[in-house]
Structures are given as C-alpha cells and as structure tokens.
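Okay, structure first, notes after.
Just follow the structure's listing: the first ligand is 1, and inside any ligand the first atom is 1.
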Amino acid sequence: MEAARRLDLDGHDVVLMEQLDRLGGTLRFASLAYPENGLLLEWLQGRLKASKVDVKVGVRVDVELLHKLKPDAILIATGATRRKPPIPGAHLPHVFGGDDLKALILGGKKGLKDKVGWGTRVVTTLGAATGLSDNVTFIREATRHWMPFGKHVTIIGGDLVGLELAEFLTDRDRVVTVIDEAPQFGAGLQYVRRSQMIEDLGLHHVELAAGASGIQIQKDAVTFVDQSGSKQSRRADHVILAKGATGDLTLAYELQSQGFDVHTAGDCRGVGYIEGAIRGAAEAATAISGGVLAHMPKESRR
Ligand SMILES: Cc1cc2nc3c(=O)[nH]c(=O)nc-3n(C[C@H](O)[C@H](O)[C@H](O)COP(=O)(O)OP(=O)(O)OC[C@H]3O[C@@H](n4cnc5c(N)ncnc54)[C@H](O)[C@@H]3O)c2cc1C
C-alpha cells in the first residue's frame with residue numbers, strides 16, 4: 001500500500017493486487033492487537049482512495065498473470081510465511097497458528113474446520129460476508145464480549161506478536177501464559193515500549209516463562225522445563241503459536257529468473273515489522289522511479 005502510494009505520487013500507472021478481499025494484510029491483524037497500528041492502516045486506505053492506484057482485490061498474483069500484464073517493474077510485498085514450529089503437539093485441534101488466528105478473528109477462510117465448531121465458523125463467515133470483519137474497531141469491541149477461546153490460553157513465542165496477543169487476550173479476561181525458548185521477551189520492540197509492555201503484562205498477572213526448553217503441547221496443558229531446570233505444566237484450553245514467521249521470496253525469484261524487473265519489500269524479505277515494511281516500500285519505490293537501485297536480495301541470501 002505504501003509503495004503503491006509513493007509510486008502513484010511519482011507519476012507511475014500503478015496496479016495493486018491483493019489475494020484477499022480487502023487491503024491491509026497483517027497490519028489489519030496488528031491493528032486489532034494494538035489499536036495505534038490502525039491509524040496507519042486508515043491513513044494508507046485514505047491515501048489510496050484519493051490516488052489513481054488501480055486496486056484489485058481477490059486476485060492472487062502468479063507468474064502467468066504477470067506475463068499477461070507485462071509490467072515494466074514488479075514490487076513483491078507478499079509478507080511472511082507462517083509455518084508451525086516443530087513443537088510436539090502443534091498439530092492438535094486446540095492449537096492455533098498465525099494463519100488460523102487471522103482466519104478466526106478477521107473472517108478469512110483457511111484452517112478453521114478442525115479448530116472451531118460450526119457456530120464460530122458461521123459467525124466468522126457472516127462477518128466476512130457482511131463486511132463486519134472489515135471493521136477492526138467493531139471486532140475489537142465484539143471480542144470483549146465473545147471469543148472462541150477458553151479461560152486458559154498459552155502463547156508460545158514471546159516476541160512483539162506474542163506479547164501483543166497476550167495483552168489482547170488478558171484484556172478479554174483470559175488467563176495467559178507466554179512461553180519462549182529465548183532468554184528475553186520482546187524481540188522487535190523498542191526499549192521503552194518493551195519495558196512498558198512487560199510491566200503491564202506483569203500487572204495483569206500474565207506469566208512470562210523465558211528460557212524454556214522441552215516445550216510440549218498436551219491435550220489440555222503445555223509442559224516445559226523452566227530456566228532453573230524444573231519441569232512445569234500450565235493448563236491450556238487453547239494454545240497459540242506466535243512464532244515461525246519467516247521471509248519467502250519464492251515468487252520474486254521465479255519472476256526474476258524469467259526476466260522481470262523485480263523489487264521486494266516487507267516481511268517477504270524476513271520479518272521486519274511495520275517499520276521495516278514502510279522503509280522497504282520507500283526504498284523500492286525510489287529504485288523503481290530511478291533512484292538508488294537494487295532492492296532485490298542476492299540469490300545466495302535465500
Ligand atoms: C498480532 C500481530 C501484531 C503485530 N503488531 C505489530 C506492531 O505493533 N508493530 C509492528 O511493527 N509490527 C507488528 N506486527 C507485524 C506487522 O504487522 C508485519 O510485520 C507487517 O504488517 C508486514 O507487512 P507486509 O506488507 O510485509 O506483509 P503483510 O502485511 O503480510 O502483507 C502481505 C499481503 O500480500 C498478500 N499476498 C500474498 N501473496 C499474494 C499473492 N500471490 N497475490 C496477491 N496477494 C498476495 C497477502 O494476502 C497480504 O495481504 C504484528 C503482527 C501480528 C500478527
């Protein structure tokens with residue numbers, strides 16, 4: 001969205017294609033967890049509306065389509081892929097990965113069938129069909145009254161995303177434990193916000209178990225060995241896997257190998273959060289417009 005906005009200002013004919021039925025990507029999800037992110041989303045939506053950018057939603061871009069369109073330059077900003085980390089029990093039905101959660105809360109279609117009952121699926125489908133799940137403020141309020149999570153939720157992954165989800169859930173009356181193998185929580189957060197968040201989570205009695213090892217997901221609990229070497233078990237009606245996001249440049253490399261002028265930005269290059277995506281968009285737009293070039297990483301960095 002940011003690159004399209006900039007390229008439009010630079011006078012290019014820009015087509016922005018998104019596979020889902022609305023723009024915003026992970027920023028929509030991030031806006032739910034941290035409302036301040038919503039201001040950026042609204043601003044970008046407003047700027048695009050006022051621009052000449054040709055927005056096409058519900059279009060999955062592939063090599064074939066781009067051969068038909070023959071663009072002068074392509075910017076790939078397809079985001080990270082989220083694979084479930086190899087934790088025993090990660091396949092169990094009460095375990096949600098990033099894509100499951102997005103589908104559940106924002107009304108997408110993937111990954112819900114074996115996770116939630118038909119009632120919840122009807123609600124999310126209706127939300128998507130009526131456009132209600134397009135309204136992040138509405139979802140934020142609605143989830144204060146109803147969420148398909150039990151009282152005890154364990155989050156595995158203690159970086160920015162895991163901590164924001166912990167804040168979101170504890171604010172909705174859940175008893176939350178966050179477990180990570182990393183010795184410190186809050187990777188991706190700037191120092192001040194990290195300290196503030198960790199303090200707030202402590203005030204809300206969220207348990208933060210850093211330096212955990214041997215994490216295993218059972219039917220109704222998560223077990224692990226804590227920093228002091230003691231075996232621990234936490235009740236878990238639901239488990240959220242807030243780790244495993246990595247960059248994915250498959251499409252970019254495929255297009256590059258076929259001779260297209262390809263640029264990349266955002267999490268598809270490796271998770272760089274909103275700041276990284278905005279910076280990458282600015283750099284890629286500058287390169288396309290004839291400024292400092294080559295934002296495509298070398299093949300060896302895959
Ligand atoms: C719960 C949560 C909270 C977060 N909170 C913060 C925060 O507070 N601060 C922060 O900096 N970051 C936060 N993040 C991370 C941040 O949201 C992401 O790093 C950022 O939005 C990545 O932007 P992106 O444009 O690179 O990718 P995405 O936002 O993932 O966008 C990629 C888009 O490309 C589309 N797409 C993929 N493939 C195709 C295709 N072939 N054809 C067409 N479309 C395609 C996808 O559908 C998607 O809409 C959070 C993330 C989560 C999950």
Side-chain angles (χ1 to χ4, degrees), residues 1-5 15-41 44-45 55-66 69 74-82 96-106 108-110 134 136 139-140 143 155 157-169 171 178 186-190 193-194 196-197 240-252 254-255 262-285 295:
M1 292 171 83
E2 170 65 358
R5 180 190 77 80
V15 182
L16 175 59
M17 289 185 279
E18 162 59 49
Q19 64 183 356
L20 299 180
D21 56 3
R22 66 205 78 175
L23 294 179
T26 311
L27 183 57
R28 295 186 61 236
F29 199 27
S31 309
L32 195 64
Y34 189 62
E36 283 77 354
N37 292 330
L39 300 175
L40 174 62
L41 179 58
L44 285 170
Q45 283 167 332
V55 176
K56 295 188 187 304
V57 291
V59 179
R60 184 171 170 78
V61 173
D62 56 19
V63 178
E64 203 186 333
L65 175 63
L66 288 167
L69 294 175
I74 301 169
L75 172 59
I76 297 292
T78 43
T81 51
R82 292 176 180 79
F96 287 80
D99 288 340
D100 302 326
L101 263 191
K102 268 205 242 175
L104 179 67
I105 295 177
L106 297 178
K109 293 179 183 99
K110 273 164 58 184
D134 201 16
V136 175
I139 301 173
R140 202 178 297 122
T143 50
I155 296 171
D159 68 6
L160 179 154
V161 172
L163 295 188
E164 278 189 359
L165 287 172
E167 211 170 35
F168 178 78
L169 287 165
D171 212 25
V178 189
L189 284 163
Q190 282 175 351
R193 190 164 157 225
R194 179 175 167 271
Q196 201 178 29
M197 214 168 170
I240 295 173
L241 300 173
K243 60 194 306 169
T246 54
D248 181 1
L249 290 170
T250 316
L251 180 58
E254 209 180 334
L255 289 164
V262 183
H263 303 256
T264 57
D267 280 3
C268 66
R269 298 170 58 86
V271 176
Y273 302 100
I274 294 168
E275 191 187 334
I278 295 288
R279 194 184 327 112
E283 288 171 4
H295 206 244

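- Here is the list of ligand 1 atoms found below 4.0 Å of a heavy atom in Ile274: 9 (N), 10 (C), 11 (O), 12 (N), 16 (C).
- No part of Met197 comes within 4.0 Å of ligand 1, judged by heavy-atom distances.
- For atom 37 (C) of ligand 1, the closest heavy atom belonging to the protein is Thr78 O, 3.4 Å.
- Rounding to the nearest 0.5 Å gives a distance of 5.5 Å between CG of Leu249 and OG1 of Thr264.
- Of the protein's non-hydrogen atoms, Gln19 N, 3.0 Å is the one closest to atom 44 (N) of ligand 1.
- The CZ atom of Arg82 sits 11.5 Å away from atom CG of Asp248, with the distance rounded to the nearest 0.5 Å.
- Counting atoms of ligand 1 from 1 in the listed order, those under 4.0 Å from a heavy atom of Leu20 are 47 (O).
- The side chain to side chain donor-acceptor pair (under 3.5 Å) search around Arg5 returns Glu2, not counting sequence neighbours.
- Atoms CZ and CG, on Arg194 and Asp159 in that order, are 11.5 Å from each other to the nearest 0.5 Å.
- Among Gly25, Ala281, Ala77, Gly58, the residue whose heavy atom lies closest to atom 32 (C) of ligand 1 is Ala77.
- Side-chain contact between Leu20 and Val57 is absent, with no heavy-atom pair separated by less than 4.5 Å.
- Residue Gly79 has at least one heavy-atom neighbour below 4.0 Å for each of these atoms of ligand 1: 27 (O), 30 (O), 32 (C).
- Set against the non-hydrogen atoms of Val61, the atoms of ligand 1 under 4.0 Å away are 40 (C), 41 (N), 42 (N), 43 (C).
- Of the heavy atoms in Glu164, only side-chain atoms (C-beta onward) come closer than 4.0 Å to ligand 1.
- The proximity of Leu32 to ligand 1, defined as any non-hydrogen pair under 4.0 Å, does not occur for either the backbone or the side chain.
- The shortest distance between side-chain heavy atoms of Leu27 and Phe29 does not fall below 4.5 Å.
- Taking CD1 of Ile155 as the start and CZ of Phe96 as the end, the distance is 12.5 Å to the nearest 0.5 Å.
- Among all protein heavy atoms, the one lying closest to atom 23 (O) of ligand 1 is Ala277 CB, 4.0 Å.
- Below 3.5 Å of separation, one finds an N or O of Glu18 facing an N or O of ligand 1.
- Proximity to Phe29 (heavy-atom distance under 4.0 Å) selects the following atoms of ligand 1: 1 (C), 53 (C).
- When side chains are defined from C-beta on, Gln45 does not count as touching Leu23, because their heavy atoms never get closer than 4.5 Å.
- If you check which protein heavy atom lies closest to atom 22 (C) of ligand 1, you get Asp267 OD2, 3.3 Å.
- Of the candidates Leu23, Leu65, Leu165, Thr26, the one placing a heavy atom closest to atom 28 (P) of ligand 1 is Thr26.
- Applying the 4.0 Å criterion to heavy atoms of Asn37 picks out, from ligand 1, the atoms 5 (N), 6 (C), 7 (C), 8 (O).
- Every atom of ligand 1 is numbered from 1 in the order shown, and the set under 4.0 Å from a heavy atom of Val59 is 42 (N), 43 (C).
- Remark: ligand 1 atoms within the under-4.0 Å shell around heavy atoms of Gly266 are 26 (O).
- With hydrogens and angles ignored, the 3.5 Å screen pairs no side-chain donor or acceptor of Asp171 with any backbone N or O of Phe168.
- Side-chain atoms of Asp267 come within 3.5 Å of backbone N or O of Gly272 as a donor-acceptor pair.
- Rounding to the nearest 0.5 Å gives a distance of 9.0 Å between CG of Leu32 and CG of Leu165.
- Heavy atoms from both the backbone and the side chain of Ala30 come within less than 4.0 Å of ligand 1.
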